[in-house]
Amino acid sequence: MNLILQALPIAAPTVGWATHALVLARRLRAARTDPLTGLMGREEFTTRALRGIRHPHAAVLLLDLNGFKQINDTHGHAAGDRVLAAVGRRLAAWCGTHGGFAARLGGDEFSALVRLAPDTDLDAELTYGLSAFLSAPLDAGGVTLAPRASIGLCRSAQRPGASLSDLLRGADEAMYAAKRHGHHWRPADPELAQGAAAVRRAHLTLLPSVRRSAS
């Protein structure tokens with residue numbers, strides 16, 4: 001008993017620091033996580049994706065919901081939040097089955113990094129797989145909605161040695177091409193990599209961690 005009492009003053013600070021470290025770790029995870037969808041945020045995605053693109057089968061995806069402003073205007077922001085939360089859960093689940101992860105960049109824009117083998121049937125995976133999964137009807141608080149997204153895909157194998165910023169731009173170009181043509185998804189075209197700057201968005205070119213890593 002005396003030995004136990006003697007050990008208490010030594011053990012107490014250790015337990016205190018362990019608890020403090022756990023609280024700090026939880027706060028850090030919360031700061032890196034989008035509270036609405038539970039997905040990681042932009043900077044955390046950048047940090048992980050910089051490592052993830054080293055895999056030979058890595059593919060970067062960008063997604064933008066179609067008609068999301070109309071959902072907010074017609075059914076209210078609460079319904080819009082339910083749509084975003086559902087899309088986040090579904091995207092995370094799909095990425096989990098493809099060796100990857102997803103993030104919410106802001107608003108109704110999402111990004112993902114997955115692994116797709118060279119012989120993957122992309123139309124089956126993205127049109128009948130991801131796109132169909134995302135657009136399944138959901139209860140948005142008294143109204144049933146079926147969210148639809150435009151998806152852009154850029155595979156690292158198409159652009160050997162490309163940086164994360166390059167792959168994001170390729171996926172961004174492809175996403176806007178899909179949106180313009182009314183397609184579910186579209187791959188980045190390597191031949192258009194040099195001349196498609198007109199449809200690139202500056203906020204993807206200037207992801208903070210990518211800028212720092214390139215400098």
Side-chain angles (χ1 to χ4, degrees), residues 32-46 48-49 59-98 100-114 116 122-155 167-188 196 198-207:
R32 293 175 174 174
T33 302
D34 174 55
L36 181 59
T37 63
L39 298 178
M40 65 183 71
R42 181 188 299 267
E43 291 204 25
E44 179 70 6
F45 174 80
T46 300
R48 292 187 59 181
V60 172
L61 291 84
L62 286 178
L63 302 84
D64 186 89
L65 298 186
N66 299 326
F68 183 70
K69 183 179 183 301
Q70 184 178 357
I71 291 175
N72 277 336
D73 292 346
T74 303
H75 304 290
H77 288 275
D81 286 350
R82 285 175 179 258
V83 169
L84 291 174
V87 169
R89 289 193 301 271
R90 293 171 180 180
L91 180 58
W94 184 85
C95 288
T97 63
H98 292 77
F101 48 88
R104 182 186 178 201
L105 298 181
D108 60 341
E109 296 178 310
F110 297 83
S111 59
L113 188 144
V114 295
L116 299 173
L122 294 179
D123 204 42
E125 283 289 353
L126 298 179
T127 300
Y128 304 106
L130 178 58
S131 183
F133 186 41
L134 294 178
S135 62
L138 63 95
D139 179 6
V143 60
T144 300
L145 299 173
R148 299 187 182 279
S150 296
I151 305 168
L153 168 76
C154 189
R155 303 172 77 170
L167 296 175
L168 284 166
R169 284 196 297 270
D172 189 49
E173 294 159 8
M175 181 186 73
Y176 273 97
K179 190 177 289 286
R180 286 196 307 272
H181 296 286
H183 297 163
H184 294 286
W185 73 281
R186 189 147 180 179
V199 295
R200 297 176 184 172
R201 291 174 297 166
H203 73 280
L204 286 173
T205 306
L206 301 176
L207 282 172

Would you say the side chain of [Y] lies within less than 4.5 Å of the side chain of [X], judging by non-hydrogen atoms?
X: Arg155; Y: Leu122; value: yes
X: Ser135; Y: His184; value: no
X: Trp185; Y: Leu61; value: no
X: Leu130; Y: Leu63; value: yes
X: Leu113; Y: Arg48; value: no
X: Leu126; Y: Trp94; value: yes
X: Val87; Y: Thr37; value: no

Heavy atoms only: give me the nearest [X]-[Y] pair and the separation to one decimal.
X: Pro147; Y: Ala136; value: CD-O, 4.0 Å
X: Gly41; Y: Ala103; value: O-CB, 4.0 Å
X: Arg90; Y: Leu138; value: NH2-CB, 3.6 Å
X: Ala174; Y: Ala188; value: CB-N, 3.7 Å
X: Cys154; Y: Ala171; value: CB-N, 3.6 Å
X: Ser111; Y: Leu62; value: CB-CD2, 3.6 Å

Atom [atom1] of [X] and atom [atom2] of [Y]: how far apart are they, to the nearest 0.5 Å?
X: Phe45; Y: Asp34; atom1: CZ; atom2: CG; result: 14.0 Å
X: Leu84; Y: Leu39; atom1: CG; atom2: CG; result: 10.0 Å
X: Asp108; Y: Ile71; atom1: CG; atom2: CD1; result: 9.0 Å
X: Ile151; Y: Met175; atom1: CD1; atom2: CE; result: 10.5 Å
X: Arg89; Y: Leu134; atom1: CZ; atom2: CG; result: 12.0 Å

**Asked** Do other residues, nucleotides or ligands put more than 12 heavy atoms under 6.0 Å from the CZ atom of Phe133?
**Response** yes
**Request:** Quick one: which residue pairs count as a side chain to side chain donor-acceptor pair (under 3.5 Å) with a foot in residues 75-87, not counting sequence neighbours?
**Result:** none
**Request:** Applying side-chain contact (heavy atoms from CB on, under 4.5 Å), run through Leu153 and Leu116 and close with a yes or a no.
**Result:** CA-CA 11 Å; Leu153 168 76; Leu116 299 173; 4.2 Å; yes
**Positive for side-chain contact (heavy atoms from CB on, under 4.5 Å) with Arg104, one of Leu36, Leu91, Thr33** = Leu36
**Prompt:** Is a side-chain donor-acceptor pair under 3.5 Å present for Asp64 with Ser150?
**Reply:** no
